[in-house]
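Structure first, then comments.
All values below were derived from every heavy atom in this structure, side-chain atoms included, with hydrogens, water molecules and symmetry-related copies excluded. Fair warning: this is a prediction, and the values are worked out from it, not measured in the lab.
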Amino acid sequence: EQTNRGIPFSVFSQLAAKLPFTLAQWADFLRISKRTLERIREEKKIINPPCAEQIIRIVMLYNYGVDVFGNKKNFDHWLTLESIPLGYIRPIDLLNNSYGIEAIRGELGRIEHGILA
């Protein structure tokens with residue numbers, strides 16, 4: 001239901017505090033400007049439904065990644081490394097669209113099950 005109504009910035013802040021991404025990175029993931037995200041914060045507005053959906057997808061993916069890697073530090077590091085299976089792209093650079101998130105999820109599934117080739 002949150003994705004249909006959007007989410008308050010305060011809820012986003014609570015979620016974002018648990019992840020290693022900067023406000024500028026979140027703005028990139030949501031395909032909005034950093035200033036727009038700051039304005040939403042300052043005016044205590046609701047983050048629109050499409051952005052709310054993207055936030056929830058990223059949070060769910062992040063939690064899955066931490067489970068696969070066993071801890072945040074290892075997963076955070078993996079996010080910044082070029083990935084051969086992902087076309088030599090850093091996973092963090094794929095978080096701005098649903099296709100990229102699904103590609104990362106697939107790669108995490110292969111890692112989880114020991115399928116590295």
Side-chain angles (χ1 to χ4, degrees):
E1 189 173 320
Q2 286 290 310
T3 58
N4 288 330
R5 292 182 309 182
I7 59 174
F9 191 89
S10 60
V11 172
F12 165 71
S13 290
Q14 292 171 355
L15 294 171
K18 298 175 184 176
L19 281 68
F21 310 125
T22 65
L23 195 62
Q25 287 173 311
W26 275 109
D28 181 54
F29 301 156
L30 302 176
R31 296 179 179 233
I32 60 176
S33 72
K34 181 182 174 193
R35 181 64 192 126
T36 297
L37 203 48
E38 290 168 342
R39 193 173 301 116
I40 292 169
R41 177 184 60 204
E42 291 164 5
E43 297 174 6
K44 296 180 173 68
K45 289 190 170 183
I46 301 291
I47 296 174
N48 68 40
C51 289
E53 183 177 334
Q54 186 73 351
I55 291 165
I56 291 169
R57 282 184 179 162
I58 291 169
V59 170
M60 290 172 64
L61 176 76
Y62 188 83
N63 291 336
Y64 178 46
V66 170
D67 286 345
V68 169
F69 278 85
N71 63 56
K72 290 175 58 129
K73 182 180 176 185
N74 289 341
F75 183 57
D76 292 351
H77 180 67
W78 181 81
L79 283 171
T80 64
L81 299 175
E82 286 185 357
S83 171
I84 294 169
L86 295 174
Y88 294 95
I89 298 171
R90 299 178 321 152
I92 197 170
D93 294 331
L94 297 173
L95 292 175
N96 65 351
N97 64 70
S98 59
Y99 177 77
I101 290 172
E102 289 310 309
I104 295 168
R105 184 178 310 286
E107 184 58 22
L108 289 171
R110 287 185 286 282
I111 291 168
E112 180 179 32
H113 293 95
I115 305 168
L116 302 176

Taking side chain as C-beta onward, heavy atoms only, is [X] less than 4.5 Å from [Y]?
X: Ile104; Y: Glu107; result: no
X: Ile40; Y: Asn48; result: no
X: Phe9; Y: Leu37; result: yes
X: Leu108; Y: Trp78; result: yes
X: Lys18; Y: Tyr62; result: no
X: Pro49; Y: Asn4; result: no
X: Met60; Y: Arg57; result: no
X: Ile101; Y: Leu95; result: yes

Where do [X] and [Y] come nearest, in terms of heavy atoms and distance?
X: Gly6; Y: Ala52; result: CA-CB, 3.9 Å
X: Pro20; Y: Gln25; result: O-OE1, 4.1 Å
X: Leu19; Y: Lys72; result: N-NZ, 4.3 Å

Look up atom [atom1] in [X] and atom [atom2] in [Y], then write down how far apart they are to the nearest 0.5 Å.
X: Ile7; Y: Ile47; atom1: CD1; atom2: CD1; answer: 4.5 Å
X: Leu81; Y: Ile89; atom1: CG; atom2: CD1; answer: 14.0 Å
X: Arg31; Y: Cys51; atom1: CZ; atom2: SG; answer: 10.5 Å
X: Leu94; Y: Glu102; atom1: CG; atom2: CD; answer: 12.0 Å
X: Ser33; Y: Asp28; atom1: OG; atom2: CG; answer: 11.5 Å

Hey, can you tell me if Phe12 and Trp26 have their rings parallel, tilted or perpendicular (30° and 60° cut-offs)? perpendicular

Going by the angle between their ring planes, with limits at 30° and 60°, are Phe75 and Phe69 parallel, tilted or perpendicular? tilted

Residue pairs involving residues 76-101 (criterion salt bridge (Lys or Arg N to Asp or Glu O under 4.0 Å); sequence neighbours excluded): Arg90-Asp93

If two hydrophobic side chains count as joined below 4.5 Å and joins carry through other members, does Leu23 share a cluster with Ile55? yes

Is Val11 reachable from Ile46 through a run of I, L, V, M, F, W or Y residues, each pair having side-chain heavy atoms under 4.5 Å apart? no

CD1/Ile84: more than 12 non-hydrogen atoms of other groups inside 6.0 Å: no

Step through the shown structure and confirm whether more than 12 heavy atoms of other residues, nucleotides or ligands are within 6.0 Å of NZ on Lys73. no

Glu112/Arg105 salt bridge by N-O under 4.0 Å criterion: no

Less than 4.0 Å between a side-chain N and a carboxylate O, is that true for Arg39 and Glu42? no

